Student: 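Here you go, one structure.
Basis for what follows: all heavy atoms, side chains included, without hydrogens, waters or symmetry-related copies. On a predicted model such as this, the values are computed, not experimentally measured, just so you know.
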Amino acid sequence: MAECKACVLGLRLAFDMNIQELLVIVDPDLLVHQVLGEWATKNTKILLYLHCVQELIKRFTKIEFKHVPRIHNEFFYALATLSSMIQHLDKNFIDPIPIGIHKQPAYCAHVEEEIDENPWFHDIKEYLEKGEYPKHAMHTQKRTLRRLANHFFQRRRILYRRTPDLGLL
């Protein structure tokens, strides 16, 4: 349903901007076939959105739907999720979401400089080897260390990270 909402909002925005020709990129192949009327849906909640999309399609001189797998289109899912979360008094309007494009990658993880000059994994390794917590560790720090240590194991003094597919890092 989030994808349908995003599609409706995107089509309305494109129409309001007087765009005549449009390429719509979506992930769910199911949505593409349903919008084009090739496949039917029994979900009553989605039927209203599909009808709205089909009415909006008629307003464009040329419109094409292209399926792109999710793995190649994370941006679409972020926008679809945002559009489904936005609540506005006027159901036909959402505030614009500013999107910036950077020339360099942005990193989300912020690592503070270690005061004791040990690597980030030192406390985990010490806990796995000796079962001891760092000096002056508070209760929450001990609990966090135990939780982190569950994701690692040590063999011949080498620390490995456990992964869900049982591959080793």
Side-chain angles (χ1 to χ4, degrees), residues 1-13 23-34 41-46 48-50 53 65-169:
M1 188 158 19
E3 288 86 4
C4 284
K5 286 182 180 180
C7 190
V8 168
L9 291 172
L11 291 174
R12 284 184 178 161
L13 180 63
L23 171 63
V24 181
I25 299 174
V26 294
D27 167 24
D29 200 26
L30 173 67
L31 180 64
V32 173
H33 291 289
Q34 288 175 337
T41 183
K42 295 179 182 175
N43 188 333
T44 55
K45 293 179 182 176
I46 295 177
L48 295 172
Y49 289 107
L50 288 175
V53 169
F65 286 83
K66 182 178 179 186
H67 171 254
V68 176
R70 177 183 301 192
I71 195 160
H72 299 296
N73 202 358
E74 298 90 2
F75 190 66
F76 166 80
Y77 266 87
L79 288 175
T81 303
L82 282 173
S83 71
S84 68
M85 293 170 25
I86 295 172
Q87 298 294 322
H88 201 278
L89 298 175
D90 179 6
K91 298 292 183 188
N92 297 324
F93 176 82
I94 62 168
D95 295 320
I97 302 170
I99 299 170
I101 298 175
H102 300 280
K103 297 196 186 293
Q104 294 179 334
Y107 299 97
C108 298
H110 175 73
V111 179
E112 294 179 11
E113 185 177 343
E114 292 288 333
I115 299 170
D116 58 5
E117 307 221 356
N118 289 323
W120 65 268
F121 56 85
H122 175 75
D123 293 338
I124 296 171
K125 196 170 181 180
E126 289 291 311
Y127 178 76
L128 289 173
E129 285 178 0
K130 302 175 185 173
E132 297 176 356
Y133 299 105
K135 294 177 185 175
H136 311 297
M138 307 298 278
H139 175 70
T140 54
Q141 292 167 328
K142 291 178 182 179
R143 186 177 66 216
T144 302
L145 183 59
R146 284 192 306 268
R147 185 176 46 82
L148 287 171
N150 286 333
H151 298 287
F152 293 90
F153 69 94
Q154 191 169 359
R155 182 164 171 88
R156 296 190 183 128
R157 301 192 45 83
I158 297 174
L159 191 65
Y160 294 95
R161 178 167 170 76
R162 299 178 197 270
T163 57
D165 60 356
L166 300 178
L168 302 177
L169 299 175

Student: Using a 4.5 Å cut-off on heavy atoms from C-beta on, say whether the side chain of Val8 contacts that of Arg12.
Tutor: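 A side-chain contact exists here, since the closest heavy-atom pair is under 4.5 Å.
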Student: Would you give the length of the straight line joining atom CG of Leu128 to atom CG of Asp123, rounded to the nearest 0.5 angstrom?
Tutor: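 Taking CG in Leu128 and CG in Asp123, the distance rounds to 11.0 Å.
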Student: Hey, what do you get for OG1 (Thr144) to NE2 (His139), rounding to the nearest 0.5 Å?
Tutor: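 Result: 9.5 Å between the selected atoms.
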Student: Drop me the distance from Phe121's CZ to Gln154's CD, to the nearest 0.5 angstrom.
Tutor: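 Rounded to the nearest 0.5 Å, the CZ-CD separation comes out at 10.0 Å.
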Student: Could you tell me the separation between the CD1 atom of Ile158 and the NZ atom of Lys125, rounded to the nearest 0.5 Å?
Tutor: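 Nearest 0.5 Å value for the CD1-NZ distance: 8.0 Å.
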Student: Tell me the closest heavy-atom pair linking Ile124 and Ala149, and the distance in Å.
Tutor: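 In terms of heavy atoms, the two residues are closest at CG2-CA, 4.1 Å.
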Student: Which distance, rounded to the nearest 0.5 Å, do you find between the CG of Leu50 and the CD of Gln34?
Tutor: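 So the CG of Leu50 and the CD of Gln34 are separated by 5.0 Å.
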Student: Under 3.5 Å, is there a donor-acceptor pair between the Tyr127 and Arg146 side chains?
Tutor: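 No pair is found: no donor N or O on one side chain lies under 3.5 Å from an acceptor on the other.
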Student: Could you note down all residue pairs passing salt bridge (charged side-chain N to carboxylate O under 4.0 Å, His left out) where residues 128-138 supplies at least one of them, sequence neighbours left out?
Tutor: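 Sorted pair list: Glu126-Lys130, Glu129-Arg157.
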